[in-house]
Structures are given as structure tokens and as C-alpha cells.
Enquirer: 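Please read through the structure below; I'll follow up with questions.
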Protein chains: 2
Amino acid sequence: MRDYYSITELTREFGISTRTLRFYEDEGLINPVRRGRTRLYRPSDRHLVRQILRGRRLGFSVAEIREIIEVYKAPPGEVGQLKLMLSKIAEKQQDLRQKRRDLEDTLEELARAEESCVERLAELGVTT
Amino acid sequence: MRDYYSITELTREFGISTRTLRFYEDEGLINPVRRGRTRLYRPSDRHLVRQILRGRRLGFSVAEIREIIEVYKAPPGEVGQLKLMLSKIAEKQQDLRQKRRDLEDTLEELARAEESCVERLAELGVTT
DNA sequence: CACGGCTTTTACGTAAAAGTCAATTTGGCA
DNA sequence: TGCCAAATTGACTTTTACGTAAAAGCCGTG
């Protein structure tokens with residue numbers, strides 16, 4: 001496990017630009033350490049980037065991703081805070097379950113479209 | 001099954017604005033018929049809106065949604081077109097499967113966060 | 001027939017998420 | 001130690017997906 005990654009290493013690994021990484025930092029999603037002015041990304045930062053990109057692919061806004069990331073952190077000490085966090089987690093879970101339903105529905109429709117294409121090809125005497 | 005829906009009926013049903021529906025029309029996603037200048041949405045238009053919103057929730061851009069919608073249409077007659085369509089469908093399916101992995105991973109992390117909150121609450125003597 | 005309510009078109013506005021560009025600064029190594 | 005590729009910062013631009021406001025058309029009701 002590497003100690004640190006440079007910004008360009010991460011841009012290459014994840015296929016994003018330095019601007020994007022700095023943007024996420026400005027937005028408070030990641031906090032790489034600095035040697036002088038240059039950013040050094042720890043494994044934990046790298047993992048965060050991975051999570052951010054996952055959220056992005058799922059269509060979450062940066063604000064929503066921030067909320068999700070916050071619940072990954074160590075749980076707070078106070079009961080009220082803990083309960084609040086639990087309700088936030090439940091909210092995100094519901095959101096994701098809705099997305100999962102949307103996803104399965106869309107996959108089904110695509111399968112139907114695929115099948116009718118294959119059938120049509122068969123009618124034309126083409127073997128898939 | 002109703003013949004036609006007015007624009008406001010659909011906005012109420014789906015919780016979107018008239019601007020949004022007209023925008024999707026400008027973008028070529030839907031094509032309601034007209035009585036004079038007013039739009040009349042058929043059940044098929046209504047179903048399209050449902051599919052559009054599903055795509056939107058999954059984080060697809062309007063351009064991507066348009067591509068998905070196009071493969072739902074009746075399959076074309078020509079072999080080359082059919083094969084092209086099949087490859088487009090396969091592409092979308094891969095995309096959706098990636099999203100599904102992202103989704104399951106995120107749900108797992110949320111479950112872990114949830115568990116550690118519950119544990120912490122238990123330590124504090126709170127029964128969930 | 002005037003009115004309120006719904007609808008239309010046109011046009012400009014805007015927030016989010018970066019991309020791009022220019023002007024430094026720096027740090028590694030020959 | 002001197003230099004050049006890489007990194008940083010700040011400002012401006014772009015794209016997407018609508019929001020919003022203005023001005024006007026249709027239509028059933030009192």
C-alpha cells in the first residue's frame with residue numbers, strides 16, 4: 001500500500017482531470033495533505049475519490065455525495081447526532097432502492113428491445 | 001385507459017413543471033398531438049415521460065435518455081440497422097450493470113455505517 | 001362579453017460541474 | 001545550481017437542464 005499518490009497519478013487512474021480533483025477539494029469532499037503547496041493523496045483520499053465517482057455515476061449531485069460521504073465517517077458521540085445520522089442513512093438507502101427499481105425496470109425494457117431485434121433478425125434469416 | 005392527458009395533469013402526476021415537459025418535447029423525446037395549439041398527451045406519451053424520469057433519476061443526460069428511448073421503438077427493417085441497434089442496447093446494458101455495481105457497493109457502505117451507529121447507540125445504552 | 005384559468009411562444013436567466021487559459025511556482029535531477 | 005516539466009491558483013467560459021417572466025390565445029361560466 002503506497003503512502004502517497006500525486007495528483008496526476010490519480011487523474012490517470014480514474015480518468016478525471018486535475019481541475020476535477022481540485023474542485024472536489026474546494027467543495028470539501030477530499031482533503032489531501034500538502035508538502036509545500038503540492039497535494040499528496042493518501043490511500044484514504046484515493047478511496048474517497050473512488051466513492052465520489054461512484055456517486056457521480058449514480059447521478060448524485062456533489063451536495064448529495066457530500067452527505068453520503070459524511071455518514072461514512074466515524075459515528076458521532078452524542079445520541080441526538082447518532083439518531084440524526086441514522087435517519088440520514090435511511091434516507092439515502094431509500095433513494096438508492098428507488099434507483100435500483102428504476103435500473104431493473106430499464107434493464108427489462110432493454111431486454112425486451114433486444115429480444116425483438118433478435119427475432120426480427122431471425123425472420124430475415126440471420127443467425128445471431 | 002384515458003385517451004388524452006392535459007399538460008397540467010401530467011405535471012401533477014409526475015411532479016414536474018410544464019417547462020420541463022416542453023423542454024423534453026423540444027429535445028425530441030416526446031411528441032404529443034395538438035388540438036389547435038394545445039398539447040394532448042396520449043397514454044404512450046405518458047409512458048415515455050415515465051421512462052424519461054426513470055432515466056433522469058439514474059443520472060442519464062437528456063442525450064443518453066434519447067438514445068435509450070430510441071431503442072424502445074419498433075426495430076428497424078434492415079439487417080445493418082438491427083445489428084447497430086443490438087450493439088447500442090448492449091452498450092446501455094453495460095452502463096446499467098456498472099451502475100448496479102456502484103449501487104450495491106454504496107448500499108453496503110451505508111449498511112456498515114448504519115451498523116456502527118447502532119452499535120455506538122447500544123454502547124450508550126440506547127435501545128433502537 | 002368579460003373574466004379567470006389554463007395554455008402557448010419567446011426570450012432571457014441561472015445553478016451545477018466542470019473545462020480552459022494564463023500567470024506563477026516549484027521540485028527533482030543533470 | 002540551473003533548468004524544465006509538473007503543479008498551483010485565479011479568472012473566465014461552457015454545457016446542461018431547466019426556471020422565470022412577459023405577452024398573448026382559447027374556452028367555459030356567470
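Every chain is numbered from 1 and lettered A, B, ... according to where its sequence line falls, protein lines coming before strand lines. As a basis for the values below, the full set of heavy atoms in this structure was taken, side chains included, without hydrogen atoms, waters or symmetry mates. Predicted, not measured: the structure shown is a model, and the values here were computed from it.
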Enquirer: Strictly below 4.0 Å, heavy-atom distances to any atom of DNA chain C: list the hits from residues 13-25 of chain A, or just say none.
Expert: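 A:Ser17, A:Arg19, A:Thr20, A:Phe23, A:Tyr24, in order of number.
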Enquirer: Out of curiosity, does B:Leu110 fall in the hydrophobic cluster containing B:Val118 (side-chain heavy atoms, cut-off under 4.5 Å, transitive links)?
Expert: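 No.
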Enquirer: Any base atoms under 4.0 Å from B:Arg34, or only sugar-phosphate, or nothing? Heavy atoms, all strands.
Expert: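 The answer is sugar-phosphate, as B:Arg34 gets under 4.0 Å only of primed atoms, P, OP1 or OP2.
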Enquirer: Please check: side-chain N/O of A:Glu78 versus main-chain N/O of A:Gly80, any donor-acceptor pairing under 3.5 Å?
Expert: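 A pair under 3.5 Å: yes.
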Enquirer: Please enumerate all residues that pass salt bridge (Lys or Arg N to Asp or Glu O under 4.0 Å) together with B:Arg34, with sequence neighbours excluded.
Expert: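 For B:Arg34 the salt bridge (Lys or Arg N to Asp or Glu O under 4.0 Å) partners, ignoring immediate neighbours, are B:Glu25.
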Enquirer: If only side-chain N and O atoms count, and only distance matters, is there a donor-acceptor pair under 3.5 Å linking B:Thr8 with B:Thr11?
Expert: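 There is no such pair (donor and acceptor under 3.5 Å, judged by atom type) between the side chains of B:Thr11 and B:Thr8.
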Enquirer: Is the backbone of A:Arg42 close enough, under 3.5 Å, to the side chain of A:Asp45 for a donor and an acceptor to pair up by distance?
Expert: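 The answer is yes, because a donor-acceptor pair under 3.5 Å joins these two groups.
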Enquirer: Whether the A:Gln94 and A:Arg97 side chains hold a donor-acceptor pair (N or O, under 3.5 Å, no angle test) is what I'd like checked.
Expert: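 A:Arg97 and A:Gln94 do not have a side-chain donor-acceptor pair below 3.5 Å.
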Enquirer: What residues from residues 43-59 of chain A pass a heavy-atom cutoff of under 4.0 Å to DNA chain C?
Expert: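 The answer is A:Arg56.
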Enquirer: Check the interface with nucleotides 22-26 of chain C: list each N/O to N/O pair with the protein under 3.5 Å, or write none.
Expert:
unit_1 : atom_1 : unit_2  : atom_2 : d
C:dT25 : O4'    : A:Arg37 : NH2    : 3.3

Enquirer: With heavy atoms of chain B within less than 4.0 Å as the criterion, where does contact along DNA chain D begin and end?
Expert: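 First and last nucleotides in contact are D:dA17 to D:dG25.
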Enquirer: Can you see which heavy atom on A:Arg120 is nearest to which on B:Leu82, and at what distance?
Expert: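 Here A:Arg120 and B:Leu82 meet closest at CG-CD1, 3.7 Å.
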Enquirer: Donor-acceptor pair, A:Arg66 side chain versus A:Glu27 backbone, under 3.5 Å?
Expert: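 Checked: pair present.
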Enquirer: How close do A:Leu124 and B:Gly77 get, counting heavy atoms only, and between which atoms?
Expert: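 Looking at all heavy atoms of both residues, the closest pair is CD1-O, 3.4 Å.
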Enquirer: Do A:Val33 and A:Tyr41 touch side chain to side chain, with heavy atoms closer than 4.5 Å?
Expert: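 The answer is no, as the side chains (C-beta and beyond) never meet within the 4.5 Å cut-off.
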Enquirer: Could you check A:Glu27 against A:Gly36 and say which one's nearest nucleotide on DNA chain C is further toward the 5' end?
Expert: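 So the residue in question is A:Glu27.
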Enquirer: For residues 108-118 of chain A, which residue pairs pass the side chain to side chain donor-acceptor pair (under 3.5 Å) check, not counting sequence neighbours?
Expert: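 Side chain to side chain donor-acceptor pair (under 3.5 Å) check on residues 108-118 of chain A returns A:Glu109-B:Gln51, A:Glu109-B:Arg54, A:Glu114-B:Gln93.
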Enquirer: Should we count CZ of A:Arg2 as having more than 12 external heavy atoms under 6.0 Å?
Expert: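 Check passes, neighbour count above 12.
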Enquirer: Do A:Leu21 and A:Tyr4 sit in one hydrophobic cluster, given that two such residues count as connected whenever their side-chain heavy atoms are within less than 4.5 Å of each other, even indirectly?
Expert: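 The answer is no; the residues belong to distinct hydrophobic clusters.
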